[in-house]
Amino acid sequence: MKAPFSVFMSFITVCVLLVLLCMPVAVAKNAVAQADGADSASSPAIDPQSGLFEATGKNLVVAHCSACHSPALITQNAMSRERWLDTIRWMQETQKLWPLGDAEAPILDYLSKWYGPRTTSRRQPLAPHLMPDK
Ligand code: HEC
């Protein structure tokens, strides 16, 4: 009478211990998923073909700005709206860039929003979970 009950109790104890052991893993996975989500919320995905941010105006930029040179000339720059316009005017006056017409304003919106002046040239600090252990 006593033996089956204690077997049952040790079975319950093992189950409870297993659940407790698995909890930290579930919590850690959740934290990593949240950190990933935060990263992708701050800047849009990158179009693998052009290397440009996927955002409103990207298709116009690809259509008008990747015929003569790589879009990398855009992604490696960080300019104010005024300086982007100066660059476009310079290409129009000296490099045979065509008039952009109605596309000019949305192209400038896109360029100054996603490739605008950077407040810092340093990359963001690493997330704590990516730091080496001391
Ligand atoms: C008709 C051809 C042509 C088109 C279309 C064109 N560009 Fe250019 N662009 C050039 C040439 C030529 C250069 C000089 C390349 C070099 O120095 O190797 C240049 C250079 C640049 C540079 C570098 C400027 C610098 O100061 O170093 C940027 C940025 C740029 N283009 C952005 C754009 C953007 C944005 C568009 C779309 C609105 C565009 N380009 C469309 C011909 C073009």
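A quick note: this is a predicted structure, and the numbers were derived from the prediction, not measured. One-based numbering, in listed order, for ligands and for the atoms of each. The first residue in the sequence is number 1, and the count goes up from there.
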*asked:* Can you tell whether the side chains of Arg89 and Glu93 come within less than 4.0 Å, N to carboxylate O?
replied: no
*Enumerate the atoms of ligand 1 whose separation from the nearest heavy atom of Lys96 is less than 4.0 angstrom.*
1 (C)
*May I ask you to identify the nearest protein heavy atom to atom 24 (C) of ligand 1, giving residue, atom name and distance to one decimal place in Å?*
Thr87 CG2, 4.1 Å
*asked:* Any protein heavy-atom neighbour for atom 8 (Fe) of ligand 1 (distance below 4.0 angstrom)?
replied: yes
*Note the single closest protein heavy atom to atom 3 (C) of ligand 1, along with its residue, its atom name and the distance in Å.*
Cys68 SG, 2.7 Å
_Straight-line distance of Met131 CE to Leu126 CG, nearest 0.5 Å_ = 6.0 Å
*Would you confirm whether any non-hydrogen atom of the protein falls under 4.0 Å from atom 40 (N) of ligand 1?*
yes
*Gln95 atom CD, over 12 foreign heavy atoms within 6.0 Å*: yes
*Is atom 31 (N) of ligand 1 less than 4.0 angstrom from at least one protein heavy atom?*
yes
*Around Gln76, counting heavy atoms of other residues, nucleotides and ligands shown, do more than 12 lie under 6.0 Å from its CD?*
yes
*asked:* Using 2.8 Å as the threshold, say whether any N, O or S atom from Met91 sits that close to atom 8 (Fe) of ligand 1.
replied: yes
*Got Leu52 and Tyr110 here, is their nearest side-chain heavy-atom distance under 4.5 Å?*
yes
_Nearest 0.5 angstrom please: Lys58 NZ to Ile46 CD1, how far?_
11.5 Å
*Treating Ile, Leu, Val, Met, Phe, Trp and Tyr as nodes and any side-chain heavy-atom pair under 4.5 angstrom as an edge, say whether Ile107 and Trp90 lie in one connected cluster.*
yes
*asked:* Give me the nearest non-hydrogen protein atom to atom 34 (C) of ligand 1 as residue plus atom name, then the distance to 0.1 Å.
replied: Cys65 SG, 3.5 Å
*Does the protein put any heavy atom within less than 4.0 Å of atom 18 (O) of ligand 1?*
no
*Report the part of Leu111 in contact with ligand 1, treating N, CA, C, O as backbone and CB onward as side chain, heavy atoms under 4.0 Å; options are side chain, backbone, both, neither.*
side chain
*Which atoms of ligand 1 are found less than 4.0 Å from any heavy atom of His64?*
5 (C), 37 (C), 41 (C)
*Heavy atoms, side chains only, cut-off 4.5 Å: are Asp86 and Met79 in contact?*
no
*asked:* Please compare Tyr115, Tyr110, Trp90 and report which has the shortest non-hydrogen distance to atom 13 (C) of ligand 1.
replied: Trp90
_Show the atoms of ligand 1 that are less than 4.0 angstrom away from any heavy atom in Asn77._
29 (C)
*Starting from atom 16 (C) of ligand 1, locate the nearest protein heavy atom and write down its residue, its atom name and how far away it is, to 0.1 Å.*
Leu73 CD1, 4.9 Å
*Starting from atom 42 (C) of ligand 1, which protein heavy atom do you reach first, and at what distance in Å?*
His69 CD2, 3.6 Å
*Intermediate values then yes/no, side-chain contact (heavy atoms from CB on, under 4.5 Å), Asn77 and Tyr115*: CA-CA 6 Å; Asn77 267 291; Tyr115 302 96; 5.8 Å; no
*Measuring from His64:NE2 to Glu104:CD, what's the distance to the nearest 0.5 Å?*
10.0 Å
_Can you report which non-hydrogen protein atom sits closest to atom 11 (C) of ligand 1, along with the distance?_
Gln95 CG, 3.8 Å
